[in-house]
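As the structure is a computational prediction, the values presented were derived from the model and not from experiment. Order of listing sets the numbers, starting from 1, for every ligand and every atom in it.
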Amino acid sequence: METTLVLLKPSCVSRGLIGEIINRFERRGLQIVGMKMMQLDDDKLREHYSHLVNKPFFPALAKSMKASPIVAMALQGVEAVTVVRGMTGYTNGRTADPGTIRGDYSMSNQQNIVHASDSIDSAEKELARFFKPEEIYPYKHALAEYLYAPDEY
Ligand code: TYD
């Protein structure tokens, strides 16, 4: 089992898409083991997007990420990092495949609805950035035996 971080960005929250996007993850079989609404600030954004702070678009990115609260989610499942990245789609909504979240809900490279951790290592660091250990709640998925074969989980 892996746990990965998803942020529902202001482009999701402000458009009233929180429920719709969460529904996609739940329907796929991913288990929500942590979830909270929060307002991001510059310190958190510089840390979270440290690989992008020197890019010319960073100020606009930071502004867009502070435009409303976000919803942070910890999602658990077998190979959850890869599964969730696949559901998220390419960064730019205009080139993201239909059927992905960005391909179905976004027309933008920046207002692209969700953030999702891109590796197991990032997921671990990013979960620690947004959640205290006691804010992650492991529990048995009642349908696990229907979501996976016995040797898969
Ligand atoms: P990045 O980590 O490259 O992509 P992803 O979110 O798919 O992992 O970029 C982080 C965010 O930065 C991206 O979701 C939106 C924003 N961004 C821009 O605003 N303009 C750009 O040209 C790029 C590449 C990213």
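In this structure, Tyr49 has a heavy atom closer than 4.0 Å to ligand 1. A heavy-atom separation below 4.0 Å is not found between Lys55 and ligand 1. Taking a 4.0 Å cut-off on heavy atoms, Asn112 registers as neighbouring ligand 1. In this structure, Arg102 counts as a contact residue of ligand 1, since one of its heavy atoms falls inside 4.0 Å of the ligand. Ligand 1 lies less than 4.0 angstrom from a heavy atom belonging to Arg85.
A pairwise comparison of heavy atoms in Ala116 and Val6 identifies CB-CG2, 4.4 Å as the closest pair. Minimum interatomic distance between Leu30 and Ala80 (heavy atoms only, all atoms of both residues): CD2-CB, 3.9 Å. Nearest heavy atoms, Ala149 versus Glu152: N-OE1, 2.6 Å. What you find for Val13 and Leu8 is that their closest heavy atoms are CG2-O, 3.7 Å.
Close approach of ligand 1 to Thr91 (heavy-atom distance below 4.0 Å) involves ligand atoms 4 (O), 5 (P), 7 (O), 13 (C), 14 (O). In the vicinity of His51, heavy-atom distances shorter than 4.0 Å reach the ligand 1 atoms 2 (O). The ligand atoms of ligand 1 that sit less than 4.0 angstrom from a heavy atom of Lys9 are 13 (C), 14 (O).
Here the heavy atom of the protein found nearest to atom 9 (O) of ligand 1 is Leu52 CD1, 3.4 Å. The nearest protein atom to atom 19 (O) of ligand 1, hydrogens excluded, is given as Gln110 NE2, 2.8 Å; this is a heavy-atom distance. The protein heavy-atom contact nearest to atom 23 (C) of ligand 1 is Phe57 CZ, 3.4 Å. In terms of protein heavy atoms, atom 16 (C) of ligand 1 is closest to Leu61 CD1, 3.6 Å.
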**Prompt:** Arg24 and Asp104: salt bridge (Lys or Arg N to Asp or Glu O under 4.0 Å), yes or no, with the steps?
**Reply:** CA-CA 12 Å; Arg24 286 190 165 218; Asp104 286 352; 2.6 Å; yes
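Taking any N or O of Asn109, backbone or side chain, at least one lies under 3.5 Å from an N or O belonging to ligand 1.
The existence of a salt bridge linking Asp42 and Lys66 is confirmed by a sub-4.0 Å separation between a basic side-chain nitrogen and an acidic carboxylate oxygen.
Geometric assessment of Lys44 against the ring of Phe130 yields a positive cation-pi assignment under the 6.0 Å and 45° thresholds.
Here the straight-line distance linking atom CD1 of Ile21 with atom NZ of Lys9 works out to 12.5 Å at 0.5 Å rounding.
A tilted orientation is assigned to the rings of Tyr148 and Tyr153, their planes being inclined by 30° to 60°.
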